[in-house]
Amino acid sequence: MTELTRDALGWSPFYMSQLELEELETLIPARIATVHRDRVMGFSEIGTLELTLDPGITTAAVGVGDWVLCAPDQHRLVRVLDRQTELTRGTEYHTGEKQLIAANLDTLFITSSCNNDFNPARLERYLALAHDAMITPVIVLTKADQCDDPDAYVDQARLLGRDLEVIAMDAKNDDVPALLAPWCGKGQTVALAGSSGVGKTTLANALTGGNAATQDIREDDARGRHTTTGRSLHAMRTGGWLIDTPGMRGLGVAEVAFGIDATFPEISEIAETCKFRDCDHETEPGCAVQAAIEKGEIDPDRLKRFKKLKRENEQATQTIAQARDRSRKLGKMYRSAIKKKGR
Ligand SMILES: Nc1nc2c(ncn2[C@@H]2O[C@H](COP(=O)(O)OP(=O)(O)OP(=O)(O)O)[C@@H](O)[C@H]2O)c(=O)[nH]1
Ligand SMILES: [Mg+2]
């Protein structure tokens with residue numbers, strides 16, 4: 001197993017600068033590996049720790065990959081440190097909440113297979129979430145060995161961004177660690193995301209030397225069976241840290257306008273030069289985006305998907321704002337009722 005020094009675990013001045021002097025003397029940092037209902041498990045310089053949470057901290061506030069401070073002798077988690085990056089998704093039915101997928105990632109391996117699972121719109125969703133969180137996306141295409149022309153998938157995926165890294169492979173082959181080495185070095189943190197059955201755990205096993213459960217996909221529709229059920233952090237043989245995640249069904253976008261623009265730079269940049277600020281890029285006069293489509297500079301399918309994602313993001317962002325407003329008002333009412341009672 002990788003040595004558990006802070007540096008090896010991915011510690012940096014960003015986290016160090018958050019420590020108070022007395023915390024330095026009494027508490028130690030740990031990196032969260034798994035989150036359970038009422039306790040969490042983390043890696044620290046003194047080994048693996050199982051921690052209970054101090055009052056006021058719920059497991060919902062702790063994510064895999066988080067840096068926390070803990071009182072090691074009492075096995076207590078005292079404080080969650082601010083995150084350098086935070087990968088979240090909107091919930092499927094826009095309940096006004098966002099869900100944390102993983103904390104403090106450097107890279108997201110967006111995984112898809114070279115088969116029916118390959119879906120540009122879904123890949124763009126992941127790209128928008130990664131770009132918004134300032135996490136480097138890499139598109140990893142698995143099952144190249146089962147496909148006649150993997151390069152056709154690579155070419156399609158490359159069209160989904162500028163300078164986008166796309167790598168096709170057989171996840172069961174020995175060359176996986178070498179192909180993914182640029183993102184898996186000492187102290188680097190990566191998460192695997194993608195639909196069930198694409199081979200995330202197969203890749204994880206190749207990178208960590210582990211043997212977590214994998215399962216055949218269904219013959220009829222190439223879908224997986226949701227074999228992995230929780231997120232967890234693992235040491236990679238190359239010195240980095242890997243988070244495996246269960247296949248995600250709904251992948252909502254919310255509050256990621258920046259990420260969507262960054263995913264479709266060829267559209268968002270040209271859209272700035274449209275005659276009208278609120279141009280819908282349909283039939284408006286002076287629409288620079290339509291002009292670029294005419295010239296073959298923008299793919300009309302990309303524009304459709306860009307608009308759809310933007311619309312969904314705007315609605316979900318609004319729902320979240322309303323839910324936050326409601327809970328603020330409720331909190332205010334509650335506090336003033338308590339005050340009155342105390343008089
Ligand atoms: N031939 C081949 N089979 C692969 C490849 N990658 C994964 N598989 C197989 O695909 C099946 C699903 O792989 P998993 O690693 O369990 O998929 P997963 O993404 O972790 O799935 P969930 O945990 O359900 O989200 C297994 O039978 C793997 O052996 C690949 O590149 N080539
Ligand atoms: Mg899995």
Side-chain angles (χ1 to χ4, degrees), residues 33-36 41 63-65 87-89 91-92 99-102 105 107-119 122-123 125-127 129-130 137-157 165-181 183-184 189-237 240-252:
T34 49
V35 176
H36 304 282
M41 207 268 283
V64 172
L87 186 69
T88 56
R89 63 165 170 169
T91 48
E92 208 167 353
Q99 201 182 64
L100 178 70
I101 300 171
L105 297 179
T107 309
L108 181 66
F109 287 160
I110 302 172
T111 316
S112 172
S113 317
C114 299
N115 60 24
N116 287 346
D117 175 75
F118 186 91
N119 176 333
R122 181 151 13 86
L123 294 174
R125 263 169 203 271
Y126 280 113
L127 287 169
L129 299 183
V138 176
I139 297 198
V140 178
L141 300 173
T142 55
K143 309 195 185 182
D145 54 309
Q146 294 182 332
C147 163
D148 291 336
D149 187 9
D151 285 344
Y153 287 93
V154 173
D155 292 344
Q156 270 197 70
E165 292 278 1
V166 182
I167 305 182
M169 64 190 66
D170 167 4
K172 292 174 155 183
N173 201 7
D174 293 344
D175 61 359
V176 168
L179 289 171
L180 298 176
W183 303 279
C184 302
T189 308
V190 183
L192 285 159
S195 308
S196 176
V198 295
K200 298 180 296 299
T201 304
T202 307
L203 289 169
N205 287 341
L207 294 166
T208 62
N211 59 355
T214 63
Q215 222 183 148
D216 282 348
I217 55 171
R218 301 187 302 218
E219 286 289 328
D220 47 350
D221 59 3
R223 293 226 171 133
R225 299 166 192 269
H226 291 275
T227 309
T228 306
T229 52
R231 302 180 190 112
S232 48
L233 179 77
H234 303 270
M236 290 191 275
R237 290 193 280 201
W241 295 87
L242 183 75
I243 299 175
D244 190 8
T245 71
M248 279 179 256
R249 287 196 180 93
L251 191 70

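Positions are given from 1, in the same order as the sequence printed here. All ligand and atom numbering here is 1-based and tracks the order in the structure. Scope of the values below: all heavy atoms of this structure, side chains included, with no hydrogens, waters or symmetry mates.
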Exercise. For ligand 1, does Asp244 get within less than 4.0 Å through its side chain, its backbone, both, or neither, judged by non-hydrogen atoms?
Worked result: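 The answer is neither.
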What do you reckon, does [X] have a nitrogen or oxygen under 3.5 Å from a nitrogen or oxygen of ligand 1?
| X | result |
| --- | --- |
| Ala144 | no |
| Pro246 | no |
| Thr142 | no |

Among all protein heavy atoms in this structure, tell me which lies nearest to [atom], with the distance rounded to 0.1 Å.
| atom | answer |
| --- | --- |
| atom 12 (C) of ligand 1 | Gln215 O, 3.1 Å |
| atom 29 (O) of ligand 1 | Lys172 CE, 2.9 Å |
| atom 1 (N) of ligand 1 | Asp145 OD2, 2.7 Å |
| atom 6 (N) of ligand 1 | Ala171 CB, 3.5 Å |
| atom 10 (O) of ligand 1 | Lys143 NZ, 3.2 Å |

Closer than 4.0 Å to some heavy atom of [X] - which atoms of ligand 1 meet that?
| X | answer |
| --- | --- |
| Gly247 | 25 (O) |
| Thr202 | 7 (C), 13 (O), 14 (P), 15 (O), 28 (C) |
| Thr214 | 14 (P), 15 (O), 16 (O) |

For this session: Go through Ser112 and Leu123 one step at a time and tell me if the side chain to side chain contact (heavy atoms under 4.5 Å, CB included) criterion holds.
Result: CA-CA 8 Å; Ser112 172; Leu123 294 174; 4.1 Å; yes
Exercise. Okay, side chain of Ser232, backbone of Ala33: is any donor-acceptor separation there less than 3.5 Å?
Worked result: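 It does not hold such a pair.
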Exercise. Will you find, in the side chains of Thr208 and Arg237, an N or O donor that is under 3.5 Å from an N or O acceptor?
Worked result: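 There is no such pair (donor and acceptor under 3.5 Å, judged by atom type) between the side chains of Thr208 and Arg237.
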Problem set entry | Neighbouring protein N, O or S atoms of the Mg ion (ligand 2) [cut-off: under 2.8 Å, no waters] |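 The answer, once waters are left aside, is Thr201 OG1, Thr228 OG1.
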Problem set entry | Residues in side-chain hydrogen bond (donor to acceptor under 3.5 Å, both in side chains) contact with Arg89, at least two apart in sequence or another chain |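 Checked Arg89 against side-chain hydrogen bond (donor to acceptor under 3.5 Å, both in side chains); matches are Gln99.
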